[in-house]
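Below you'll find the structure, written out as structure tokens, and then a few comments.
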Amino acid sequence: MSDQLHAAEVKAPKSDINALILDYLTMEGYTKAAAKFCKEANLEPQQPDTSVQLRQDIQHAIHSGNIETAISGLNDLDPELLDGNPELHFSLLRLQLVELIRQCNDGDVSPALDFASKKLAPRAKTNRGFLNDLEQTMALLIFPHDSLEPELAALLSSDLRRTTATKVNEAVLLWQNQRREAAIRQLVRMRAWAETSARSKKKDLPETIELGLNVDSMDSGDNGHEPMITT
């Protein structure tokens, strides 16, 4: 059988796909979706609902710009979590400063200045990277927000909240002795590497190869495979 035909015929068992979906929903903190999917796919939850909900609440606070609530939630979980991860702690405090600057644009900047001097400056004194990040963030107080350079405008975009929330989620998962990311993300990277490697060796592959996660084309019944272990 040619490489092209073999690649086209490889299909993942539905039970494996269901396990991957549940793993993704659980790791990303989608509590209600994970619970609903467990019932629909007849699967056991991978983590207690309270554990997933905790991570979701913290992530929601970050995405909403309520960084103080997120930090408080992390400290309630374990004060050592942030104390033992100064980079993550500084990232959260920096994001909190950004939120304060966002609120005081064209207004009273004293809350942002006070927060920066008390919470961030002491940490920046001993870390050059922290100092550079602090100086860059403080520049938001100088320039109009509607005409910022791309590097500064990025601090006010939702991407910074999203990136920070991802780092926090990974840190909590690590604290809970869980993997830091969903298995499907690892599999996609491995699959991309394998395809690139095969093409570099001039293997006879289709122009495009589907991921093989289309459950609609599969038998809805039991296919005889045990769900793969993802936790």
Could you check if a side-chain atom of [X] sits within less than 4.5 angstrom of a side-chain atom of [Y], using non-hydrogen atoms only?
X	Y	answer
R55	I58	no
E99	R161	yes
L97	K119	no
T163	S91	no
L120	F115	yes

Look at atom CD of E68 and say whether more than 12 heavy atoms of other residues, nucleotides or ligands are closer to it than 6.0 Å. no
Over 12 foreign heavy atoms within 6.0 Å of CD, E135: yes
Gap between atom [atom2] of [Y] and atom [atom1] of [X] - 0.5 Å precision:
X	Y	atom1	atom2	answer
L156	L148	CG	CG	6.0 Å
F130	E87	CZ	CD	5.0 Å
D133	R128	CG	CZ	11.0 Å
Q96	T69	CD	OG1	9.0 Å
L77	W175	CG	CH2	4.0 Å

R94 vs R123, side-chain contact (heavy atoms from CB on, under 4.5 Å): CA-CA, chis, key distance, verdict: CA-CA 11 Å; R94 183 197 190 195; R123 291 174 169 82; over 6 Å; no
If you look at every heavy atom in [X] and [Y], which pair is closest and at what distance?
X	Y	result
A112	I101	CB-CG1, 3.9 Å
S110	D108	OG-OD1, 2.7 Å
M138	A116	SD-CB, 3.8 Å
L82	H89	O-CB, 3.9 Å
P111	L100	O-CD1, 4.1 Å
L81	A171	CD2-CB, 4.2 Å

Between T164, L93, V98, L95, which is the residue that forms a side chain to side chain contact (heavy atoms under 4.5 Å, CB included) with I67? L95
Under 4.5 Å between side-chain heavy atoms, hopping through other hydrophobics if needed: is there a path connecting L134 to L88? yes
Can you hop from L152 to L113 via hydrophobic side chains spaced under 4.5 Å? yes
Begin with the C-alpha distance, continue with both residues' side-chain angles, and end with the deciding distance and a verdict on side-chain contact (heavy atoms from CB on, under 4.5 Å) for Q59 and V168. CA-CA 8 Å; Q59 286 188 81; V168 168; 5.8 Å; no
Regarding E170 and K167, does a basic nitrogen lie under 4.0 Å from an acidic carboxylate oxygen? no
Examine distances only and state if a side-chain atom of S64 and a backbone atom of A61 form a donor-acceptor pair shorter than 3.5 Å. no
If only atom types and distance count, is the side chain of S157 paired as donor or acceptor with the main-chain N or O of A154 below 3.5 Å? yes
